[in-house]
Amino acid sequence: FLARLSHELRTPLNPVLLLASEAAANPALPIEVRADFETIAQNVSLEARLIDDLLDLTAISRGKLSLDRRPVQLHAVLRDALAMVRQDVQQKQLRVRLDLNATSHTVLGDDMRLKQIFWNLIKNAVKFTPPAGELSIVSHADAGDRTVRVAITDTGIGLTTDEASRIFAAFTQGDHASNGGGRFGGLGLGLAISRMLAQLHAGSITATSLGRNQGSTFTVEFPLSPEAAPSTGVAPPRSTGQVTNGVVAAVSRPLRVLVV
């Protein structure tokens, strides 16, 4: 029932999103009008994302989510996921450190779903970090147990011990949602779906924090692909990125995403 309901809710939004996006980019319209259409497009995209989350949760819970598994370069996934939130980073003037240390980072997985995991985590970090805050994304490969780890750390509102213990439960939000903090929005599905997707890739996600207003760290771990080349002991040039005036150097190329 939930899948059918989500589909019926999602379908009418597609033409609205398309028309609003086209109008927002139309130079023939006054700036004020384009800004209004941009607001409409953003809100429709948010609604569509919530519905997509419901569909994903239903598919995963029923064991009907199929994955297109193939060797994927995790660093490329991270860059793409970071590029997708670039506008939010710029608006909040966040400083971003992209430090990709892993000498091996090929995993066997679904490229689109891996992007979804990291988009959710990075989007959350940006959302809960105040303006002029900091965000770091660091990767590390462990040759011993053949895993690659990615730590996403922010200087945001942090987590209490109780919040950290339940943050990955579906339809669960932090205390901010019930203490007048409804400005963050959401249904509490993003992290739950991210953990489920990670587990489908034989991976894991954990959350740690020193407490309220002390920031948070979300650590993702995946097994390296058997096809990944063994490390030679010499690290290739690291991929790093620093935000200057809100622009991430490592992901400076434009990326346009149309949700349909």
Could you walk me through whether Leu65 and Leu197 pass side-chain contact (heavy atoms from CB on, under 4.5 Å), step by step? CA-CA 9 Å; Leu65 184 72; Leu197 289 174; 3.4 Å; yes
Determine yes or no for a side-chain-to-main-chain donor-acceptor pair under 3.5 angstrom, with Arg70 supplying the side chain and Leu108 the backbone. no
Side-chain heavy-atom pair Asp56, Gln116 within 4.5 angstrom cut-off: yes
Non-neighbouring partners of Ser139 that pass side chain to side chain donor-acceptor pair (under 3.5 Å), sequence neighbours left out: His75
Looking at Gln73, I want to see if its CD is surrounded by more than 12 non-hydrogen atoms of other residues, nucleotides or ligands under 6.0 Å. yes
Who pairs with Ser194 by side chain to side chain donor-acceptor pair (under 3.5 Å), at least two apart in sequence or on another chain? Asn120
Please walk me through it: do Ile60 and Ile193 pass side-chain contact (heavy atoms from CB on, under 4.5 Å)? CA-CA 8 Å; Ile60 295 172; Ile193 292 172; 4.3 Å; yes
Check: Leu18 and Glu22 side chains under 4.5 Å, non-hydrogen atoms: yes
How long is the gap from CD1 on Ile167 to OG1 on Thr206, to the nearest 0.5 Å? 13.0 Å
Within the 4.5 Å heavy-atom criterion, are Arg149 and Asp142 side-chain neighbours or not? yes
Do Ile122 and Leu135 touch side chain to side chain, with heavy atoms closer than 4.5 Å? yes
So, taking the atom named CG in Leu191 and the one named CD1 in Ile205, what distance separates them when rounded to the nearest 0.5 Å? 7.5 Å
With sequence neighbours excluded, residues passing side chain to side chain donor-acceptor pair (under 3.5 Å) with Ser209: none
Looking only at heavy atoms, the pair that brings Leu200 and Arg69 closest together is O-NH2, 2.6 Å
Measure the CD1-CG distance between Ile137 and Leu100 for me, rounded to the nearest 0.5 Å. 8.0 Å
Taking the side chain as every heavy atom from C-beta outward, state whether Leu94 and Asp154 have any atom pair closer than 4.5 Å. no
What is the minimum heavy-atom distance between Ala141 and Ala102, and which atoms define it? N-CB, 3.7 Å
Trp119, Met112: one ILVMFWY side-chain cluster at the under-4.5 Å cut-off? no
Check for a donor-acceptor pair, side chain of Lys92 on one end and backbone N or O of Val126 on the other, with a separation under 3.5 Å. yes
All heavy atoms of Leu13 vs all of Val44, minimum pair found to be O-CG1, 3.9 Å
Can you name the closest pair of heavy atoms from Gly156 and Pro130 and give their distance? CA-CD, 3.9 Å
Any side-chain to backbone donor/acceptor pair from Arg212 onto Gly158? Under 3.5 Å, distance only. yes
Is a side-chain N or O of Ser225 found less than 3.5 angstrom from the main chain of Thr106, in a donor-acceptor match? no
Any side-chain heavy-atom pair from His201 and Val107 closer than 4.5 angstrom? no
Can you hop from Leu82 to Val138 via hydrophobic side chains spaced under 4.5 Å? no
Would you compute the distance between atom CG of Leu159 and atom OG1 of Thr217 and round it to the nearest 0.5 angstrom? 9.5 Å
Which distance, rounded to the nearest 0.5 Å, do you find between the OG1 of Thr147 and the CG of Leu224? 6.5 Å
If you measure from CG on Asn26 to CZ on Arg34, what distance do you get to the nearest 0.5 Å? 7.5 Å
Is any side-chain heavy atom of Phe118 less than 4.5 Å from a side-chain heavy atom of Asp80? no
Between Leu210 and Phe128, is there a shared hydrophobic cluster once you connect ILVMFWY residues whose side-chain heavy atoms come closer than 4.5 Å? no
Closest heavy-atom pair and its distance - Ala24, Phe37: N-CB, 3.8 Å
Answer yes when Asp162 and Arg166 have at least one side-chain N-carboxylate O distance shorter than 4.0 Å, and no when they do not. yes
Leu67 vs Arg113 side-chain heavy atoms within contact, under 4.5 Å: yes
For the residue pair Arg95 and Ala132, what are the closest heavy atoms and their distance? NH1-O, 3.1 Å
